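Following: one structure in structure tokens, then a few remarks.
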Amino acid sequence: MIDWENLSVFLEKRLTSSNIELVKQLLSSLSFTERQNLMLAMIAFPGKIPFFTELVIKKQKLASRYNERLAHEILELEKTEFASALTQEN
Amino acid sequence: MKHFERLPKPEEHVEPIRPETRERIESPFENFKETEEGILTDLARKMGKHVTPLIASLSLFIGASSAYAGENPSGVEIVERAQEAEEEVLTLHEPESEQLLNTISLSLGGTIEKTPSLPQGLQPEYYLTTGEKDFVLRTNRDMIERATNVKEYFDNLANINSLNDKQKVLALRVIGGMLYSEYNSDMAAKNESVSVSDDAMFQSLKAALNGEHIPGGICGNISTFVAKAARMMGKESWIQDTLEQGFAHAMTGVVVGEGKEKEIVFLDSLQSIRTGTLNFSDAIGIKERFSGWIAPFGTFVSDEKHVLFPVKSRAQEITSAFAGMQHTQEELESALGAGALKLKTNGIELALSPDVHTLSLNKSYVGVEVLNFSDTRDNPYQSLESANALKLSGKFGNERASIDADATIMRLSVKNFENGTADFNEVVARVFANYLDEFHLTKGEYGELRARLGATLQTAFSMPTTDVFTTFNNKDLSTESAVGARLIYIDPHEVGQFHIGASQLLRGQFSDFQAQRYIPHIASTEFSLGAKVKAHEGLIMGLDASHALHDWGKVTEVGAGIGTKLGAAEAGYKKEKSEHERFVPSTETISGSVSYTDNPKFEVRIFGFKKKEQYKDAMPHDEYEGQVQFILKFY
């Protein structure tokens with residue numbers, strides 16, 4: 001089982017304390033299995049943690065006040081990350 | 001142990017979503033999620049069964065972020081509030097990465113000190129009557145003729161009672177002049193520097209007296225021999241390096257006279273340069289005016305066996321600052337304290353004082369700086385009439401390793417003694433490398449232990465612009481590096497942080513002015529400890545102390561400060577106990593600073609200090625400095 005302490009070591013190096021709090025709250029809202037999977041993903045790819053928090057923040061903004069420009073920006077960000085991941089894997 | 005499973009339930013933290021808000025936003029965001037799911041579905045189709053862990057993780061991140069944002073749209077307010085709170089409540093942890101700011105900064109400041117004046121009628125040489133001069137020359141000749149080896153010669157000098165101080169200076173000038181007449185041109189031509197025995201130098205001196213030619217040494221050998229001769233005559237003496245028209249050169253320094261007339265005098269071949277002061281920094285200023293040249297990084301003093309340490313004139317303080325020379329060990333200690341290297345800056349800085357004007361423009365990793373100095377106080381010991389510089393700089397790296405590189409072109413106007421100036425251009429290239437790493441050693445119920453390791457390296461050289469494309473011989477070189485470590489303990493409730501550390505400064509310098517081997521020299525070892533305590537949310541108190549053992553003496557420093565969301569106040573006391581007060585003064589400095597911030601847009605800082613310095617045999621010198629800085633910040 002992965003606990004918060006295992007993950008926080010990775011988060012502290014990469015995120016501000018307010019963003020750590022955001023991750024903490026997001027994880028709190030998940031079921032045990034979902035939480036474990038997400039924590040595992042962050043520990044496996046700590047370099048992607050800032051990307052993840054950026055997504056959460058942007059999407060929260062989008063969800064609270066929708067605008068096309070931000071939606072497009074988020075989708076482009078996701079596509080870029082996937083393209084980069086595919087390149088790395090190949 | 002803090003386990004995630006014990007975290008509070010989400011409903012305790014997440015604000016309920018207002019129904020009307022949900023109604024307003026639900027539809028477009030759901031559409032967005034559908035588009036996003038479409039992308040993920042396409043990707044899954046393309047990947048087939050070859051879904052890699054990274055792709056799977058990214059999908060998880062995208063899915064989880066959308067799900068959470070959809071359920072918690074007002075979370076953005078929570079995040080914003082948390083960020084605001086973070087700005088208000090000071091944190092004990094230094095930021096892991098700096099936020100890039102755009103700043104406009106204006107600094108106004110100045111120094112108050114009593115401007116020294118030259119003794120009336122000061123001439124480079126002491127006045128002696130013709131009879132006195134004849135007597136000195138006869139005595140000098142007699143000393144050399146009566147000796148068959150250097151031991152006998154030095155014994156003769158030690159028993160010299162018939163010459164007064166001023167006459168001894170003439171005798172030493174004559175000895176220097178005679179040895180320069182036997183200058184070892186072969187050694188100079190081959191750019192070889194070797195130690196020459198005292199006896200060989202004496203035989204060279206004797207040959208000069210007899211009109212023969214037995215090559216002795218070059219400037220380093222001659223100035224060392226003259227310094228020994230001065231010591232035998234009962235005079236305090238040393239060897240001093242300098243640049244003459246860009247070429248490295250060595251000469252002898254002596255202290256002459258009694259009481260109020262006591263002063264530092266430099267001897268170079270047949271020349272003497274009276275300075276009228278016992279303030280060593282000021283004495284170099286007179287030497288610079290005499291030669292019309294300034295070594296930008298400082299000059300070294302040496303005893304008869306070893307090069308000791310660098311010293312700086314008032315002008316060299318300006319030129320080294322304009323060249324961007326940093327205090328390597330101080331920069332390292334600062335990085336060890338901050339826990340991250342400062343890499344990027346965006347903004348405009350204008351700093352004005354009566355003497356120095358600086359304008360800096362920085363954009364991300366590059367910067368341009370224009371600097372100007374003019375001697376508005378008409379200080380006779382400030383050899384610079386004016387200086388103008390243009391600096392281009394660049395930074396590369398990340399929070400753990402970085403390299404600063406800059407090039408500076410300086411136009412220097414050096415005062416002579418006829419109300420004129422000698423002007424020349426100097427170009428300086430500098431590289432400053434920084435490494436910093438942090439290790440989380442342990443973390444548990446008893447608190448957290450971290451270790452930081454750091455290293456800095458600064459190397460720079462300068463040369464007159466006329467020589468940039470022709471020769472590299474005329475360069476002045478400066479190399480320093482520092483290594484250090486800091487152990488940091490953070491208590492389990494994160495209200496207290498304590499650190500203890502040590503660092504060492506290595507400097508590249510000549511072993512001595514005869515053999516001139518370039519060696520690493522341990523210049524300083526520093527120990528530091530300190531604490532920061534969060535008294536309550538929004539108030540942090542700090543205490544720092546350090547003790548450094550330099551090659552010239554000891555430095556003890558203590559500082560205390562408080563920080564609140566509205567600003568900070570600090571007070572410090574620094575005591576430098578010099579073991580070489582002839583060259584480096586003992587000082588006591590009291591400093592204070594106050595800052596007020598209307599975060600995140602405006603900050604004002606006020607800084608001031610009072611410094612008392614004491615050179616050997618000199619009158620104490622007081623200096624006051626004040627500065628106020630206004631900073632506008634744009635995120």
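Sequence lines set the chain letters: A, B, ... in the order given, protein chains first and strands last, and positions in each chain run from 1. As the structure is a computational prediction, the values presented were derived from the model and not from experiment.
- With chain B as the partner, the residue from L40(A), V56(A), T53(A), V9(A) showing the most heavy-atom pairs under 4.5 Å is V56(A).
- For K79(A), the part lying near chain B is the side chain, with the backbone staying farther off; criterion is any non-hydrogen pair under 4.5 Å.
- The greatest number of non-hydrogen atom pairs below 4.5 Å with chain A, out of A67(B), S66(B), G63(B), is found for S66(B).
- K48(A) NZ to L60(B) CG: the interatomic distance, rounded to the nearest 0.5 Å, is 14.5 Å.
- How far CZ of F82(A) is from CG of L58(B): 5.0 Å, rounded to the nearest 0.5 Å.
- Counting heavy atoms from C-beta on, the side chains of S57(B) and F52(A) never come closer than 4.5 Å.
- Contact of A44(A) with chain B is not made at all, since no heavy-atom distance falls under 4.5 Å.
- Closest heavy-atom contact between F51(A) and F61(B): CD2-CD1, 4.4 Å.
- Between the CD atom of E78(A) and the OG atom of S59(B) there is a distance of 9.5 Å, given to the nearest 0.5 Å.
- The minimum heavy-atom distance linking S29(A) with Y68(B) is given by the pair OG-CD1, 3.4 Å.
- For I74(A), the part lying under 4.5 angstrom from a heavy atom of chain B is the side chain only.
- For chain B, the nearby parts of N37(A) are the backbone and the side chain; heavy atoms of each come within less than 4.5 Å.
- Distance alone, capped at 3.5 Å, is enough to place a donor-acceptor pair between the K59(A) side chain and the I62(B) backbone.
- Summarising the geometry of Y66(A) relative to F29(B), their closest heavy-atom pair is CD1-N, 4.0 Å, with the distance given to 0.1 Å.
- Across A63(A) and A69(B), no two heavy atoms sit closer than the pair CB-O, 3.5 Å.
- Of the listed residues (L55(A), L7(A), L26(A)), the greatest number of heavy-atom pairs within a distance under 4.5 Å of chain B belongs to L26(A).
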